[in-house]
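Remarks on the structure that follows.
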Protein chains: 2
Amino acid sequence: MLGYPTKKKTQPKVVNMANLGMTLESDIEATNQYYLTHNIAVIHKKPTPIQVVNVSYPARNKAKITEAYYRTPSTTDFNGLYKGKYIDFDAKETNSKTSFPLANVHEHQIIHLNDVNNHGGIAFLIVGWKIYNEYYLLPFKDLKIFWDESRNGGRKSIPYDFFKEKGITIPFSYQPRLDYLKAIDILLGQV
Amino acid sequence: MLGYPTKKKTQPKVVNMANLGMTLESDIEATNQYYLTHNIAVIHKKPTPIQVVNVSYPARNKAKITEAYYRTPSTTDFNGLYKGKYIDFDAKETNSKTSFPLANVHEHQIIHLNDVNNHGGIAFLIVGWKIYNEYYLLPFKDLKIFWDESRNGGRKSIPYDFFKEKGITIPFSYQPRLDYLKAIDILLGQV
């Protein structure tokens, strides 16, 4: 019988945000996937820690979690391996035009990045300025200076000018989306 | 009023399994905590990946996950940083007396450890023999030989004798519980 095509069952109901460059996190995940498939680096996002309280088994071999809560992570979101080096970072976005508020960074992230830095890893933040559509790699040692200053009664943010003048720009393109390893090459003086 | 001491309110109702050496995973987590607090290494277990489907908000600022499912991890359970080196591993236990079945290892773990190995990281398994109460570090290159053999129609397990003869023993003690970095030092020829 002819007629209008029926709605395909396989049609996705939910738009996959990871393909639209909607968030900094999904851009980094797409970039990591590019690095992995092109054999450039092995970097993954860690799963969000969740405390599972109750699980039911509606079918054999199928566990359904019915009660769970988000937990505070004890580390950063991303880590991995590039050119034999351990790298570790978190990604932050700001809507500000003038400064990146340090309230965006949690103390446990500072402690963790400091540990990484002390043990010879490459620790940093990726900071996205939404209004300018600009992305920077902020090395932990620079972040640490502003963090310590803020804890000693100083300013609670990092001025945009600091990023403009001293930051390492991360190029935004189609593939890879956010080529932050280029910025790491600059950081390591390998360019 | 004198009498028998009443039950203290702070008495824990639930026994903390992490303190009893009940599972290999909890022993490794306790060891990682020891390494971290003693400034030896920065190694963490990754959270179990969970796909969240529904969240309710029974109270302000309190998210309760009401429907979620376990997802298959794309990497191993543990990674981190030791002496400037990236390390990555999974932990496995067997009840066998004679051989470690390769069915305990998933293909995505082999692929991931192979990537880590190729990019200059230290990739391995920690294998626990429950019956003997023995623990070994199995370097990825050894695991790979047996894995490839099994994929080519060969044996589907690694004999206990191989561990006895070629394995690197991990000492079990009170603190740290499972000092696997000692085994890595041997692997790196630093002893």
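Letters A, B, ... mirror the listed sequences (proteins, then strands); counts begin at 1. Every heavy atom of this structure was used, including side-chain atoms; hydrogens, water molecules and symmetry mates were not.
Chain B forms the most heavy-atom pairs under 4.5 Å with one residue out of I50(A), D115(A), L81(A), and that residue is L81(A).
Only the side chain of V55(A) has a heavy atom closer than 4.5 Å to any heavy atom of chain B. Looking at T75(A), only its side chain comes within 4.5 Å of chain B, counting heavy atoms on both sides. Of the two parts of V52(B), only the side chain, counted from C-beta on, holds a non-hydrogen atom closer than 4.5 Å to a non-hydrogen atom of chain A. Proximity to chain B is absent for every atom of S56(A), based on heavy atoms less than 4.5 angstrom apart.
Contact between A63(B) and Y70(A) at its shortest, heavy atoms only, is CB-CD1, 4.1 Å. Taking all atoms of both residues into account, the shortest heavy-atom contact from P47(B) to P49(A) is CB-CA, 3.7 Å.
For the pair N39(B) and H119(A), the minimum side-chain heavy-atom distance is below 4.5 Å.
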task = Go through the steps for K64(B) and E67(A) under the test side chain to side chain contact (heavy atoms under 4.5 Å, CB included), then give the verdict.
result = CA-CA 7 Å; K64(B) 179 182 173 181; E67(A) 185 182 356; 3.8 Å; yes
task = Test H44(B) against N79(A) for side chain to side chain donor-acceptor pair (under 3.5 Å), laying out the working first.
result = CA-CA 11 Å; H44(B) 289 275; N79(A) 76 355; over 6 Å; no
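Under the 4.5 Å side-chain heavy-atom criterion for Ile, Leu, Val, Met, Phe, Trp and Tyr, I126(B) and F140(B) are members of distinct hydrophobic clusters. Cluster membership for V42(A) and I122(B), using ILVMFWY side-chain heavy atoms within less than 4.5 angstrom, is not shared. One hydrophobic cluster, built from ILVMFWY side chains closer than 4.5 Å, holds both F146(A) and Y160(A). Taken together through direct or relayed side-chain contacts under 4.5 Å among Ile, Leu, Val, Met, Phe, Trp and Tyr, Y35(B) and Y82(B) form part of one hydrophobic cluster. Hydrophobic clustering of Ile, Leu, Val, Met, Phe, Trp and Tyr side chains at less than 4.5 Å, counting indirect connections, unites L188(B) with Y180(B).
Once rounded to the nearest 0.5 Å, the distance linking NZ of K45(A) with OG of S74(B) reads 11.0 Å. The structure places CG of L36(B) at 9.5 Å from CD1 of I111(A), a figure rounded to the nearest 0.5 Å. One distance of note links OH of Y86(B) with CD1 of I43(A); it measures 9.5 Å at 0.5 Å rounding.
By the neighbour-count criterion of 12 heavy atoms within 6.0 Å, atom NZ of K166(A) is sparsely surrounded, having that number or fewer from other residues, nucleotides or ligands.
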